[in-house]
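As a basis for the values below, the full set of heavy atoms in this structure was taken, side chains included, without hydrogen atoms, waters or symmetry mates. Throughout, protein chains are lettered first and strands after them, A, B, ... in sequence-line order, and every chain is numbered starting at 1.
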There are 2 protein chains.
Amino acid sequence: MTHESAPPDELTFWSFVDFAVRKARQELPAVDTDAMRMALTLSRASSMVIYDLESTVHRPRGLTWPGFRVIFALWLAGPMEAKTTADISGTSRAALSALLNTLERDGLVVRERASHDRRALQLSLTEEGYGAILGGFRAHNRRESAWAEALEPHERTELVRLLNKLMAGSTDAKAKFRS
Amino acid sequence: MTHESAPPDELTFWSFVDFAVRKARQELPAVDTDAMRMALTLSRASSMVIYDLESTVHRPRGLTWPGFRVIFALWLAGPMEAKTTADISGTSRAALSALLNTLERDGLVVRERASHDRRALQLSLTEEGYGAILGGFRAHNRRESAWAEALEPHERTELVRLLNKLMAGSTDAKAKFRS
DNA sequence: TCAGATTCATCAAACATTTGATCATTTGGG
DNA sequence: CCCAAATGATCAAATGTTTGATGAATCTGA
């Protein structure tokens, strides 16, 4: 059949992007390959970094990646309403509600009813939660450094600029957000 | 206490990166802020794009994001062993095993014992699976295009180059991979 | 003031993921 | 040739995510 682009003998997580883009163009000539390559590469790079951080730093310390994100937000922004925590940690409210059951059970976070609005929750870190994020984040940041070394300083800056520009464009793209 | 960097009134998923980097430097002066900003921005950008694609394109069509990744790999690379599918789709073998229960039940994929090695599985798309990915991917790619428009063509190229360089560096960083 | 619309959190069901264990098959070295 | 080690898939238990529904508190406008 396809004498064009038979899958190479060894297709890997990395090399699949190139292969997929070529193959998709054959199957669907109208495909926007630049956009395809960009999204595919973005999600793969992110997935690699996150998997590495989660499996080498956080899981061994008893935290999942989502758990880390929440504790991290509470560490830096201080006690706040659950809605805000969900927003800035990138967790939906329903997911946060479930996540808090674990974090509270493990003694890292406390839930309290907000005084000004009895529907709302006020979240804060316990002493133990504070200790967990301090130790965890140091290791986390060391690992981030190891990754970052792959790029020159000006390249890191440029990468961040491009990603920010991409996120800023989400408004025009009418992107859907978590709620 | 902290008269330095009190959280701004409205902290959002976007603006949290800047705030977090400033605040982390106060709390832990030794932090590598460039690496921190890079990883934080990368994971957020990716999460936004993926959430948008999943919730606007795939879930409404009855596919989850992980399900899409697997079907997508099978579409482009053709029938292959489950181990390879796991590799190139970025799924662990255990997760793929569970995922296949759903995909097979929904009639999108078939599992068959490989002839040359009776431990191995051969995966292939059904007609229905082929139809699903064809329609789904068109919509997926249109959405990717909308995102990509935020960047100039040369910026897209540069973003991809930087992400690839980052991934290539994972070897030096001794990153952990899914298995 | 008060009824309807909103907002906040939670629940429920289905699904996917992680780590670590288990089972079957295949491979490799003595 | 045969047994130990390695490999492929699955299982089990714990966790987190999604969408859509529900309950409770607050807000709004007539």
Completion exercise
Quick note, A/Ala82 side chain, CB onward, closest among D/dT15, C/dA9, C/dT17 is C/dA9
Exercise for the section: Output the single nucleotide from D/dT18, C/dT10, D/dA9 whose closest atom is nearest the side chain of B/Ser97. Expected result: D/dA9
Completion exercise
When rounded to whole Å, the CG to C1' distance for the pair B/Asp106 and C/dC15 reads 11 Å
Practice task
Classify the nucleic acid contact of B/Ala98 as base, sugar-phosphate or nothing, counting any heavy atom under 4.0 Å across all strands shown.
Solution key: base
Problem - Intermediate values then yes/no, salt bridge (Lys or Arg N to Asp or Glu O under 4.0 Å), B/Asp87 and B/Arg178 - result: CA-CA 8 Å; B/Asp87 273 355; B/Arg178 267 183 189 83; over 6 Å; no
Completion exercise
Assign each of A/Tyr51 and A/Lys83 the nucleotide of DNA chain C bearing its closest heavy atom; nearer the 5' end lies the nucleotide of A/Lys83
Exercise for the section: Look at all strands and tell whether B/Arg118 reaches a base, only sugar-phosphate, or nothing, counting heavy atoms closer than 4.0 Å. Expected result: sugar-phosphate
Handout entry: A/Arg111 side chain to A/Asn101 side chain, donor-acceptor N/O pair below 3.5 angstrom
Key = yes
Practice task
Give the rounded distance in Å between these two atoms: CG of A/Leu108 and P of D/dT15.
Solution key: 12 Å
Practice task
Using a cut-off of strictly less than 4.0 Å, decide whether A/Arg119 has a side-chain nitrogen or oxygen near OP1 or OP2 of C/dT7.
Solution key: no
Exercise for the section: Decide yes or no for B/Ile133 and B/Leu108: does some side-chain heavy atom of the first lie under 4.5 Å from some side-chain heavy atom of the second? Expected result: no
Exercise for the section: Give a yes or no on whether a salt bridge exists between B/Asp32 and A/Arg142, defined as a side-chain N under 4.0 angstrom from a carboxylate O. Expected result: no
Practice task
Send over the distance from B/Glu112 CD to D/dG8 C1', rounded to a whole Å.
Solution key: 17 Å
Exercise for the section: For A/His154 and A/Glu158, test the side chains for any donor-to-acceptor distance below 3.5 angstrom and give the result as yes or no. Expected result: no
Problem - 5' priority, DNA chain D, between B/Leu96 and A/Thr102 [closest heavy atom] - result: B/Leu96
Exercise for the section: Please report the shortest heavy-atom distance between B/Pro60 and B/Glu54, naming the atom on each side. Expected result: CD-O, 3.9 Å
Exercise for the section: Please determine if a side-chain N or O atom of A/Arg105 lies less than 4.0 Å away from the OP1 or OP2 oxygen of D/dA14. Expected result: no
Exercise for the section: Rounded to the nearest angstrom, tell me the gap between atom CG in B/Leu123 and atom P in D/dG8. Expected result: 14 Å
Exercise for the section: Answer yes or no: does a side-chain N or O of B/Ser92 lie under 4.0 Å from OP1 or OP2 of C/dT18? Expected result: yes
Practice task
Write down the distance between CD1 (B/Ile50) and P (D/dT18), rounded to a whole number of angstrom.
Solution key: 12 Å
Practice task
Give the rounded distance in Å between these two atoms: CD of B/Glu54 and P of C/dC15.
Solution key: 14 Å
Exercise for the section: May I ask you to evaluate whether B/Arg93 reaches the phosphate of C/dT18, defined as a side-chain N or O under 4.0 Å from OP1 or OP2? Expected result: no
Problem - First of B/Leu99 and A/Ala95 reached from the 5' end of DNA chain C, by closest nucleotide - result: A/Ala95
Exercise for the section: Give one of base, sugar-phosphate or nothing for A/Ala94, where a contact means two heavy atoms less than 4.0 Å apart. Expected result: base
Problem - Among C/dT19, D/dA9, C/dT10, the one nearest A/Leu121 by side-chain distance - result: C/dT10
Exercise for the section: Could you work out which one of D/dT15, D/dT18, D/dT17 sits closest to the side chain of A/Arg178? Expected result: D/dT18
Practice task
Round to the nearest Å and state the distance from B/Asp117 atom CG to C/dG28 atom P.
Solution key: 12 Å
Problem - Proximal nucleotide (of C/dT18, D/dT19, D/dT15) relative to the A/Arg59 side chain - result: C/dT18
Practice task
Grab the CZ-P distance between B/Phe177 and C/dT17 for me, whole Å please.
Solution key: 19 Å
